Amino acid sequence: MENKFHFFDQVYQVVKLIPEGKVTSYGAIAKFLGASKSSRMVGYAMNGSHTLNETIPAHRVVNRNGLLTGKMHFSSPVTMQEMLENEGVVIKDDQVQSFPDHFWDPSENLL
DNA sequence: GCGTTGACGAGGA
DNA sequence: GTCCTCGCCAACG
């Protein structure tokens with residue numbers, strides 16, 4: 001009954017909890033929600049995040065390679081990179097440098 | 001109502 | 001290490 005929390009909503013909640021200067025992957029969020037096979041849905045949820053009244057720091061979510069795959073969905077293709085760099089994350093060639101060092105695993109912080 | 005697409009990831013060759 | 005295939009399920013045309 002209480003499990004009626006939609007998968008998308010869960011994704012939004014986790015993403016909003018990502019601290020500044022940290023990034024995570026779609027798969028990590030999906031796995032944390034118990035749907036590791038539905039990692040695509042995490043990305044898809046981000047696609048609709050901008051339609052929400054709430055601000056979703058989707059720029060802190062990258063794929064497992066640390067690549068800014070969703071940068072093109074922002075106001076400008078460089079918005080995502082600049083926002084991350086502004087938080088102390090180094091981006092090189094649309095890829096997060098020292099990705100494991102900036103990686104934020106929800107299963108180790110929210111659990 | 002049906003087929004295609006997609007901000008992904010894991011596994012196999 | 002790379003390249004290909006499958007799964008997953010909501011949204012769009």
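In what follows, every chain begins at residue 1, and chains take the letters A, B, ... in the order their sequences are listed. What you see is a predicted model; the values in this text were computed from it and never measured. FYI, side chains are in, hydrogens and waters are out, and symmetry mates aren't considered; it's all heavy atoms of this structure.
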Sub-4.0 Å heavy-atom contacts from residues 14-34 of chain A onto DNA chain B, ordered by number: A:S25, A:Y26, A:G27
Once ring-ring contact (aromatic ring centres under 6.0 Å, His included) is applied, what residue pairs with a partner in residues 60-108 of chain A remain, sequence neighbours excluded? A:F99-A:F103
Nearest-Å distance, CG (A:L84) to C1' (B:dA7)? 13 Å
For DNA chain C, which nucleotides open and close the run of contacts to chain A, 5' to 3', at under 4.0 angstrom from a non-hydrogen atom? C:dG7 to C:dA11
Step-by-step side-chain contact (heavy atoms from CB on, under 4.5 Å) determination, A:V61 to A:V23: CA-CA 6 Å; A:V61 184; A:V23 295; over 6 Å; no
What's the separation between atom CE in A:M72 and atom OG1 in A:T79, rounded to the nearest 0.5 Å? 13.0 Å
Where do A:Y26 and A:R40 land on the side-chain contact (heavy atoms from CB on, under 4.5 Å) test, with the steps shown first? CA-CA 8 Å; A:Y26 305 94; A:R40 296 179 116 178; over 6 Å; no
A:S39 vs B:dA10: side-chain N/O to OP1/OP2 distance below 4.0 Å: no
Would a single hydrophobic cluster contain both A:V15 and A:Y44, if residues Ile, Leu, Val, Met, Phe, Trp and Tyr are joined by side-chain heavy-atom contacts under 4.5 Å? yes
Is there a path from A:F7 to A:I56 through hydrophobic residues (I, L, V, M, F, W, Y) whose side chains come within less than 4.5 Å of each other? yes
Distances under 3.5 Å between nitrogen or oxygen atoms of protein and nucleotides 4-6 of chain B:
| from | atom 1 | to | atom 2 | distance (Å) |
| --- | --- | --- | --- | --- |
| B:dG6 | N7 | A:R40 | NH2 | 3.4 |
| B:dG6 | O6 | A:R40 | NH1 | 3.3 |

Mind checking the CE-CD1 spacing from A:M80 to A:I91? Nearest 0.5 Å is all I need. 7.5 Å
Just verifying a value: how many Å separate A:T24 OG1 and A:N109 CG, rounded to the nearest 0.5 Å? 9.0 Å
Identify whether the distance between the nearest side-chain nitrogen and carboxylate oxygen of A:E87 and A:K22 falls below 4.0 Å. no
I'd like to know if A:V89 and A:I18 are part of one continuous hydrophobic network [Ile/Leu/Val/Met/Phe/Trp/Tyr, side-chain heavy atoms within less than 4.5 Å]. no
Distance (rounded to the nearest 0.5 Å) between A:D9 CG and A:E54 CD: 9.0 Å
If hydrophobic clusters are built by linking Ile, Leu, Val, Met, Phe, Trp and Tyr wherever their side-chain heavy atoms come under 4.5 Å apart, do A:V14 and A:V62 end up in the same one? no
With sequence neighbours excluded, what pairs up with A:D94 under the side chain to side chain donor-acceptor pair (under 3.5 Å) test? A:K71
Sorted by number, residues from residues 51-68 of chain A placing a heavy atom under 4.0 Å from DNA chain B are A:A58, A:N63, A:R64
Would you measure the distance from the C1' atom in B:dA7 across to the matching atom in C:dC3 and give it in whole Å? 22 Å
